[in-house]
Amino acid sequence: MPTGFVWSPRFLEHDTGRGHPERSERLRAVHEHLGATGLLDGLAVLDPSPVDPALVAAVHEADYIDRFRAACAEGRAWLDTPECPLREMSFEIARLAAGAGIVAVDAVLEGVIRNAFCAVRPPGHHAERALAMGFCYFNNVAVAAEHLRRNRGIRRVAILDWDVHHGNGTQHHFEADPDVFFCSIHQHPHTLYPGTGFEWEKGHGAGVGATLNVPMMPGSGDDDYARAFEAKILPAIEAFRPEFLLVSAGFDAHRDDPLAQIELTTAAFAWMTARAVELAESVCAGRLVSLLEGGYHLQALAESVAAHVEQLARRR
């Protein structure tokens, strides 16, 4: 079975304005590089569909969804914070991004593809239940996880977030839930947005122990991440025994990225992907879908995504 690639040129319609880091050129660079390297030819390209509003409501408050829709219709400049700019189409494009993960996980479960990467924007992991932040409006990976559990009979889901910024929105949605394991490796909260993701954040109530944060100091590189993966992340997810593995795949921990101070090379993203695929194959029949989060240096992003996709598609 091939690896899936979920993509739509409509993602480029979310115009964040001149100088904004989360810009349409990000996806254009990814798509063009995958085409130039020939990787795109071996992928099963899937078209996303806008997510059902009822499923978005499983992750976000109804008032927030209505407020987001109205803000776009009324021509407001941004939602909740200037870092989340709006255009008329932003609400619909955010629905499309949230729907991409659903198309991907369904195709994996139905045996159409082996695994998948969703090249989406806007990203999602900072979006909280009633708050847009960090360039994020709907929490794409949380929507995919809820779809798996509510509509596809999957009980236990693991989410691995290797974006350089802590996935606060995803953690907050699931931190009291014992059946979703959230693991984030990110630059230390003392030195980077959004200031959450300390080691002592392990969940609440019935969810205590189902959250694992692995903060990394500025300057951490490939070897530091490898040690963290082998000693903490991989054993914890394996012990949880998920039925599906979702990855919030940010590529802004690259050493060339302008928004953080982690020093990963492109090869690190290939290695992390390979280990995630091996883990999925050992615990959940290879069921793995990744969704794009951050990554703001165009060349580093394009090359890192290519390394990621190449490992997803590699026969082992």
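In this chain, residues are counted from 1 in sequence order. All values derive from a computational prediction rather than experimental measurement.
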State which residues pass side chain to side chain contact (heavy atoms under 4.5 Å, CB included) with Ala119; sequence neighbours excluded, sorted by chain then number.
Phe5, Leu27, Phe117
With sequence neighbours excluded, tell me which residues meet side chain to side chain contact (heavy atoms under 4.5 Å, CB included) with Pro235.
none
Considering non-hydrogen atoms only, spot the tightest contact between Leu288 and Asn115 and give its length.
O-CB, 3.1 Å
Report the distance from atom CD of Glu310 to atom CG of Leu43, rounding to the nearest 0.5 Å.
10.5 Å
[Y] and [X] side chains, donor-acceptor separation under 3.5 Å:
| X | Y | value |
| --- | --- | --- |
| Thr266 | His254 | yes |
| Ser282 | Glu278 | no |
| Asp222 | Thr265 | yes |
| Asn213 | Gln171 | yes |
| Asp256 | Gln299 | no |
| Ser184 | His166 | no |
| Asn139 | Thr170 | yes |

Looking at [X] and [Y], does any basic side-chain N land under 4.0 Å from a carboxylate oxygen?
| X | Y | answer |
| --- | --- | --- |
| Arg152 | Glu110 | yes |
| Glu199 | Lys232 | yes |
| Glu22 | Arg121 | yes |
| Arg95 | Asp52 | no |
| Arg275 | Glu230 | yes |

Could you list the residues that satisfy ring pair (Phe, Tyr, Trp, His ring centres under 6.0 Å) with [X], not counting sequence neighbours?
| X | answer |
| --- | --- |
| Phe182 | none |
| His33 | none |
| His204 | none |
| His125 | none |

Indicate if [X] and [Y] have the same hydrophobic cluster label, given that clusters are the connected sets of ILVMFWY residues with side-chain heavy-atom separations under 4.5 angstrom.
| X | Y | value |
| --- | --- | --- |
| Val45 | Leu96 | yes |
| Ile237 | Val157 | no |
| Val277 | Tyr225 | yes |
| Val105 | Leu55 | no |

Backbone N/O of Val247 and side chain of Asp161: donor-acceptor pair under 3.5 Å:
no
Between Phe269 and Trp162, what is the ring plane arrangement, given parallel below 30°, perpendicular above 60°, and tilted in between?
tilted
Can you say whether the rings of Tyr137 and Phe68 are parallel (under 30°), tilted (30 to 60°) or perpendicular (over 60°)?
parallel
Aromatic ring proximity, centroids under 6.0 angstrom, His297 and Phe251
no
I'd like to know whether Asp15 forms a salt bridge (Lys or Arg N to Asp or Glu O under 4.0 Å) with Arg23, so could you lay out the CA-CA distance, the side-chain angles of the two residues, the decisive distance to 0.1 Å, and finally the verdict.
CA-CA 7 Å; Asp15 181 5; Arg23 58 203 192 275; over 6 Å; no
Candidates Tyr193, Trp78, Tyr296 - the one meeting ring pair (Phe, Tyr, Trp, His ring centres under 6.0 Å) with Phe135:
Tyr296
Between Arg156 and Phe240, is NZ or CZ placed under 6.0 angstrom from the six-membered ring centre and within 45° of the ring axis?
yes
